[in-house]
Each structure stands twice: as structure tokens, then as C-alpha cells.
Amino acid sequence: DDVTHTGKIPDVNRPILLNMLSTFGNYCQPLDLGNERDDDVQAMARTIDQALEKCDVIITTGGISMGETDIVERVLVDHCGGTLHLGRMHMKPGKPTTFVTIPKADSVRL
């Protein structure tokens, strides 16, 4: 939904990233899995599982916070068995930034 609602932060990262990644041609085929609620662990886990079935690299925007309510990192590590390599970046903009690898049978997912 592209409508901006009062009190909501518009998603500007997703369309920019999709457009930028599509310029890499056959080397990168972006797949838009849409928006997911950042307060529903099961829904987030289902979406990440879908992405893992189809993608070698997953990029998420939003939802990584500095507080206790961050579920993205928890889903990637606890549900998907990922290894947290980077949890915070001392750079603005860019903090918080999280980097996780998730093993799969024949390689490692980023």
C-alpha cells in the first residue's frame, strides 16, 4: 500500500533498493516480499522462511531497533539458526545495522 497514513513512517527504502538492485541485470534479481509487521514473530518468521527458500541474500529495512522490541534479529538468529556477526554500527546513518549469516545445506545465506 503506497498510501501514507498520519502517524506512520513511509517506506522509502524498499522501492529505492528494488530499483537499484534491478540495475545489476542477471547478477541480481530482486524479489519483493512486501512489508511485514515488526510485532508478530510468527509472521516475520514465515516471511523470512519464504525468502530463504528463494534467495541467496536477504535485505530487510526497518524493524531493527536498539530496544527490546526488535524481533528481526531474534527471528534471524533463534528461528532461522543464523549467526550474528554485526549487531551495531557506529555510523550515522546506519545504526542500528545487523549482519547475520544463515547456513543452508550447500552454502551460507547472507
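Reckoned from all heavy atoms, side chains included, excluding hydrogens, waters and symmetry mates. This is a predicted model, so every value here is computed, not measured.
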Seminar exercise, completed: Between the CG atom in Leu18 and the CG atom in Leu31, the distance rounded to the nearest 0.5 Å is 9.0 Å
Seminar exercise, completed: To the nearest 0.5 Å, atom CZ of Arg46 lies from atom NE2 of His79 at 9.5 Å
Exercise. Does Val12 belong to the same Ile/Leu/Val/Met/Phe/Trp/Tyr cluster as Leu17, with side-chain heavy atoms less than 4.5 Å apart forming each link?
Worked result: no
Exercise. Do the non-hydrogen side-chain atoms of Asn35 and Asp11 ever get within less than 4.5 Å of each other?
Worked result: yes
Exercise. Is there side-chain contact between Leu76 and Glu73, with heavy atoms separated by less than 4.5 Å?
Worked result: no
Exercise. What is the minimum heavy-atom distance between Ile71 and Arg74, and which atoms define it?
Worked result: CG2-NH2, 2.9 Å
Problem set entry | Contact summary for Ser22 and Pro30, nearest pair of heavy atoms | N-CG, 3.8 Å
For this session: List the atom of Ala45, the atom of Val75, and the distance in Å for their closest heavy-atom pair.
Result: CA-CG1, 3.7 Å
Problem set entry | Val41 with Leu84, same ILVMFWY side-chain cluster at under 4.5 Å | yes
Exercise. Measuring from Ile59:CD1 to Asn13:CG, what's the distance to the nearest 0.5 Å?
Worked result: 10.5 Å
Exercise. Of all residues at least two apart in sequence or in a different chain, which pass the salt bridge (charged side-chain N to carboxylate O under 4.0 Å, His left out) check with Asp49?
Worked result: none
Exercise. So which heavy atom on Ile102 is nearest to which on Cys80, and how close?
Worked result: CG2-O, 3.4 Å
Problem set entry | Heavy-atom pair of closest approach, residues Gly82 and Val100 | CA-CG1, 3.8 Å
For this session: Looking only at non-hydrogen atoms, find the nearest pair between Ala43 and Glu36 and report the distance.
Result: CB-OE2, 3.2 Å
